[in-house]
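Heads up: the structure comes next, in structure tokens.
Everything numeric here is computed off the predicted structure, so don't read it as measured data. We name chains A, B, ... by the order of the sequence lines, and we start the count at 1 in each one.
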Amino acid sequence: MRKMLLALAATTMLTGAAQAATVYPLDRATILAGSPFDFKVEFKENVKPEDVKITVNGQDYKAVFGSDVTFTEAEVGKDDKKLGSAVTLRKLMIAAPGEYTVEASAGDEKKAVTWTVYATPAEPKVKNVIFMLGDGLSVAHRTAARIMSKHMTEGKADGRLNLDDVDLRAFIGTSATDSIATDSANTMSAYMTGHKTAVNAIGVYADRTPDSLDDPRVENIAEALRRTTKKSIGIVTGAEVEDATPAAVVSHTRRRADKADIVGMLYDVKPEVLLGGGSAYFLPKETPGSKRKDDKDFVAMFKDAGYALATDKNELEAASGTNTGKILGLFHTGNMDVTLDRDFLKKGTVDKFPNQPGLVEMTKVALGELSKNQDGFFLMVEGASVDKMSHPMDWERAIVETIEFDKTIGLVREFIKTHPDTLLVVTGDHTHGISLIGTIDDEKPGDDMREKVGVYEKAGFPNYKDENGDGYPDSVDVSRRLAIFANNFPDYYETFRPKLDGPFQPSVQNEKKEYVANEAYKDVPGAVLRIGNLPRSSDTAVHAVDDVVLQAVGPGADEFKGYMEQSDVYRVLVDAMALAPAKN
Amino acid sequence: MTSRPALAAPPMLTFDELYGSVGVLGLKFSDKVKALAGQTVAMRGFMAPPLKAEASFFVLTEIPMSLCPFCSSDADWPDNIVVVYLDAKQTFVQPNTTIEVVGTLEYGSWTDPETGFVSLLRLRGADFEAV
Ligand SMILES: [Zn+2]
């Protein structure tokens, strides 16, 4: 067998035949009928324009695509590397549903892809869609949140999370076009566009040129709603509003780090409600604290566009009474502080931003404002710091974030009782390598923390208390607490204890750009150095490739079933709202 | 050993003293920063690994830096960083080590012409040693 393969390879080299060009959208793309998208073919060699042949279902492409492609003789990469020729056609639109096989060739290069263009039902099933995303939400987060918040007696939970009563629907595969492993940019982009893309990319297929803003674009849900409906759009997050997850609702870039550009794209779409952190990218360069490199003042621009501005909890409350119909709430220059710091420990940056609202309060204001629209709304709510605290393995903060996310689900479920024409989707964008394996019991004898880890019957039950019934443990620093570990990590000091002085920073970078254990935790009693199993370029625990769980209630929810690709979820959302009504 | 002249110790400036107010709509420099501008001051902190080997500056941070490639970009530094321009090349100090930097304090937005790095506070003509 091996011999035969070698022989084949040799023949291929000798004849120099049949190199594959790349066609975007990629093979097996699913495309909402009538949605604009960019078409691009990348050839590996420089070819002559007259040699380029493109057919669609056997016909010349112009009959289907409607206009001419633009030919680029030689695309240029980093350090003037010659990449080959390309053709592009921006904002192409296919109205008729069906299978489209696109064949592109020039010289020896050839590639065929097949796209599915789909319509939606003629009539919408719902007026509103609420998409709640727990960033990084994995099974262990919800188990730990249930035990920490509701407690457990004799093996049965003493209460249920709101999450526990949202119907379980599907397992979602989160992989990217370039990798089985994935990040919050490509994952949320798949949910919000129906197209999978590469790690770090949002609302585009990742092409080969270095420019991060020229990649072939696909339509996102915000643009589809603006194009086809009068619905309002809301975005609520505890992260920067220009961070990957909220950005994927509205933006297009190969690099999620293009945050200054993403703010511009948020401004172009103008979601009626935009609440979260990240004001640094809204301020002009001259303002101390700005992270922009230009003089644009997006706070002023949003205000001029009729937005009520809120910068803390009280202003948010005041803005909720606005009759402009538009609220911009920016509560932090960067990511907002997490619930455990905001409401309990007062650590992190809470001394600088003492009056930040939580996810429940922000979502309440968003629902109040968006539900004024007779035509309905789309609201994206992100529990961002489930992920942001799971990376540094700060389990207490991550689980309390999960409890806050769950309380927000409770609020939304109350809203749905009076607004049954709403589809609610609750899911994660990717998972983490997190598991709950027992307890850590300070009462176990000795000083060796490892011997205090209770496994099997020695774990017993943790002793969190919730005297005031707010759903949060009165203290996370109890004597028998949850033992949660990551299955992947950089070098770090394991302390077996909650980080009461501020979010955990397990590792720091050295001059070789390698991450080494942060010695700030070396002298915590019982701390042990764990040598990492990740490459030394990894600063924290990484995302897992494991499927995520998708839950949903409301009309249209039964379209979710079995195993689905993340990009398939978009079709259920647009079906529910009938964004491309089939004509018959 | 450094080649610091044996003059009176320069005034010490801490990270907590950089800004008079920090808010969503921006930061305001403290009166102490305004008063010390143009003078030689000392600051203690951690040296972040240089952006580029050939960069003529490094970033001084209050706590050791841990940047996450997916949760943050290189632009996502904390608010209260200070950019240090060295008089002469010095080697990187291990990340868990506190250093003391002495240099001339400068404040206000400034873009490094070589890297495009925007800074608000700088120590120029500086040198440092581990403490
Ligand atoms: Zn993440």
Side-chain angles (χ1 to χ4, degrees), chain A residues 183-185 199-200 239-240 243-244 255-260 277 279-283 285-293 299 309 311-312 330-335 349 352-353 387-388 391-392 502 505-513 515-520 522 537-540 542-543, chain B residues 15-16 18-30 33-34 46-53 58-59 61-81 90-98 107-112 115-121:
Chain A
D183 85 312
S184 292
V199 173
N200 271 321
E240 299 173 304
D243 196 22
R255 296 281 164 208
R256 58 184 281 179
D258 289 340
K259 291 181 181 178
S279 66
Y281 286 95
F282 283 67
L283 304 172
K285 184 175 81 179
E286 285 305 315
T287 302
S290 164
K291 287 186 171 167
R292 296 197 68 82
K293 292 182 178 181
V299 170
L309 175 71
T311 63
D312 65 17
L330 296 172
F331 307 106
H332 200 289
T333 48
N335 294 316
T349 55
K352 289 174 184 135
F353 301 92
D387 173 79
K388 294 197 190 299
H391 279 292
Q505 276 219 35
S507 69
V508 295
Q509 204 182 48
N510 69 14
E511 77 285 6
K512 288 180 275 182
K513 302 260 171 189
Y515 285 89
V516 296
N518 186 350
E519 292 185 4
K522 192 178 175 181
S537 55
S538 291
D539 62 335
T540 56
V542 299
H543 300 163
Chain B
F15 278 93
D16 282 344
L18 298 179
Y19 295 98
S21 76
V22 175
V24 166
L25 299 180
L27 290 66
K28 289 196 170 64
F29 294 109
S30 66
V33 161
K34 290 178 192 164
F46 294 89
M47 180 179 190
L51 291 176
K52 290 181 187 164
F58 70 88
V59 175
T61 62
E62 185 179 16
I63 53 169
M65 275 310 290
S66 170
L67 282 175
C68 163
F70 291 131
C71 312
S72 28
S73 69
D74 272 356
D76 287 327
W77 295 87
D79 285 333
N80 61 346
I81 58 166
Q90 284 184 263
T91 48
F92 180 78
V93 173
Q94 285 304 305
N96 283 310
T97 313
T98 304
Y107 74 90
S109 181
W110 192 78
T111 308
D112 183 72
T115 58
F117 196 88
V118 179
S119 61
L120 294 170
L121 285 158

Given the rule in the side chain to side chain contact (heavy atoms under 4.5 Å, CB included) test, do A/Lys293 and B/Thr111 qualify, once you have shown the distances and angles that lead to the verdict?
CA-CA 8 Å; A/Lys293 292 182 178 181; B/Thr111 308; over 6 Å; no
So which atom in B/Pro64 and which in A/Val508 form the shortest heavy-atom distance, rounded to 0.1 Å?
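So the minimum-distance heavy-atom pair works out to CB-CG1, 3.2 Å.
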Considering all heavy atoms, the nearest B/Val118-A/Arg292 contact:
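In terms of heavy atoms, the two residues are closest at CG2-O, 4.5 Å.
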With sequence neighbours left out, what residues match B/Phe29 under ring-ring contact (aromatic ring centres under 6.0 Å, His included)?
B/Tyr19, B/Tyr107
Could I get the full list of ring-ring contact (aromatic ring centres under 6.0 Å, His included) partners for A/Phe353, not counting sequence neighbours?
A/His332
Which of B/Leu121, B/Val24, B/Leu27 touches chain A most, by non-hydrogen pairs under 4.5 Å:
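Looking at each option in turn, the highest pair count goes to B/Val24.
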Select one option (side chain, backbone, both, neither) describing which atoms of [X] are under 4.5 Å from chain B's heavy atoms.
| X | result |
| --- | --- |
| A/Phe282 | neither |
| A/Val542 | neither |
| A/Leu330 | both |

Using a cut-off of under 4.5 Å for heavy-atom pairs, which of A/Asn510, A/Asn518, A/Thr311, A/Thr287 has the most such pairs with chain B?
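Looking at each option in turn, the highest pair count goes to A/Asn510.
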Which of the residues A/Gly334, A/Gly289, A/Pro288, A/Ser290 is involved in the greatest number of heavy-atom pairs with chain B at under 4.5 angstrom?
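The answer is A/Pro288.
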How far does OG1 of A/Thr349 sit from CG of B/Asp79, to the nearest 0.5 angstrom?
8.5 Å
B/Asn96 side chain vs A/Ala517 backbone, donor-acceptor pair below 3.5 Å
yes
Do any N or O atoms from the side chain of A/Lys291 and from the backbone of B/Trp77 form a donor-acceptor pair under 3.5 angstrom?
yes
In terms of heavy-atom proximity below 4.5 Å to chain A, should B/Ile63 be classed as side chain, backbone, both, or neither?
side chain
